[in-house]
Amino acid sequence: MNSIIRNIDALVKELPGNVSIVAVSKTRSPEEVLEAFNAGLHTFGENRVQELAAKKAALPDGISWHLIGHLQSNKVKQAVASASVIESVDSIRLLGMIDSEAARQKKIIDCLLQVQIALEETKSGFSINEIEDTDWTSRAASLTNVRICGLMGIASFTDNMEKVRSEFSSLSRLFRETRLRCFSNYGWFTQLSMGMSGDWRIAVDEGSTMIRVGTLIFGERIKK
Ligand SMILES: *Cc1c(COP(=O)(O)O)cnc(C)c1O
């Protein structure tokens with residue numbers, strides 16, 4: 001067995017059945033993605049729209065593509081055309097732009113709200129306060145072609161696993177509170193995307209429903 005298949009096997013054995021895998025394929029070749037696909041993974045994540053679109057065109061239709069990197073407004077059209085889920089929605093304005101574009105393309109697109117949980121790192125995302133202070137019920141009602149399906153977050157890059165755990169725990173609490181406060185009539189608000197190769201066990205422990213793992217499946221990345 002080659003290493004990609006072996007890695008997937010080991011992960012699937014350990015991962016609880018209710019947690020799904022987004023295989024992060026940025027910088028990987030279509031051949032590597034195809035190997036992972038043939039080994040049973042059907043959801044892949046890219047952080048750049050152009051790379052996502054190119055791989056989508058080169059690979060089987062059965063793959064669901066998640067955009068996990070910051071989306072610039074001039075790329076919304078291409079993102080809506082190629083991604084099935086945009087995990088990295090970081091502003092209300094972007095949400096509106098995705099909705100209008102999806103309406104134009106006659107598509108329904110699933111989105112996650114990215115939350116900035118690694119406080120001293122400058123990652124994009126809503127602040128916890130912004131999520132708490134927004135009336136998502138009326139936001140969601142005003143969207144015709146976007147479904148807000150949950151939250152996504154990236155923990156600090158640190159060896160301090162207690163810090164990572166506390167960030168995941170805050171996001172998990174925010175997810176449950178927001179679902180209860182605003183999405184009780186939107187049955188699709190079910191996804192909490194958190195956990196990467198180095199911290200997925202902690203994320204799952206804290207309630208993740210979706211992990212985004214690249215290195216764990218494909219090995220170390222050479223480029224960024
Ligand atoms: C690259 C990336 C990942 C995966 O990172 P690994 O450490 O290789 O598992 C997950 N989420 C996002 C947003 C990423 O950019």
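Counting starts at 1 for both ligands and their atoms, in listed order. Small disclaimer: the values here were computed from a predicted structure and weren't measured.
Counting heavy atoms under 4.0 Å from ligand 1, residue V24 touches it through the side chain alone. Only the side chain of I154 comes within 4.0 Å of ligand 1, counting heavy atoms alone; its backbone N, CA, C and O stay farther away. Residue contacts with ligand 1, taken as heavy atom pairs separated by less than 4.0 Å, involve R221 solely via side-chain atoms from C-beta onward.
Here the side chains of F37 and H42 are in contact, with some heavy-atom distance below 4.5 Å.
Between E14 and R201 there is a salt bridge, since a side-chain N of the basic residue sits under 4.0 Å from a carboxylate O of the acidic one.
Using a 4.0 Å cut-off to heavy atoms of I68, the atoms of ligand 1 that qualify are 11 (N), 12 (C), 13 (C), 14 (C). Of all the atoms in ligand 1, the ones that sit under 4.0 Å from a non-hydrogen atom of T215 are 6 (P), 7 (O), 8 (O), 9 (O). Of all atoms in ligand 1, listed by their number and element, those nearer than 4.0 Å to a heavy atom of V213 are 9 (O).
Open room surrounds CZ on R139; 12 or fewer heavy atoms of other groups in view lie less than 6.0 Å from it. Within a 6.0 Å sphere centred on CD of Q50, other residues, nucleotides and ligands contribute 12 heavy atoms or fewer. The environment of D159 atom CG is sparse: at most 12 non-hydrogen atoms of other residues, nucleotides or ligands sit within 6.0 angstrom.
For atom 11 (N) of ligand 1, the nearest protein heavy atom (residue, atom name, distance) is R212 NE, 2.9 Å. Distance from atom 9 (O) of ligand 1 to its nearest protein heavy atom, with residue and atom name: S197 OG, 2.5 Å. The protein non-hydrogen atom at the shortest distance from atom 5 (O) of ligand 1 is M196 CE, 3.5 Å. For atom 2 (C) of ligand 1, the closest heavy atom belonging to the protein is K26 NZ, 2.6 Å.
Ring-plane geometry between F126 and W136 is classed as perpendicular, the angle between the planes exceeding 60 degrees on a 0 to 90 degree scale with a lower cut at 30.
Counting only N and O atoms by type, the side chains of E32 and S29 include a donor and acceptor under 3.5 Å apart.
Where the criterion is an N or O separation shorter than 3.5 Å, residue side chain and backbone included, G214 meets it with respect to ligand 1.
Legend: residues meeting side-chain hydrogen bond (donor to acceptor under 3.5 Å, both in side chains) with S84, ordered by chain and number and at least two apart, are S64.
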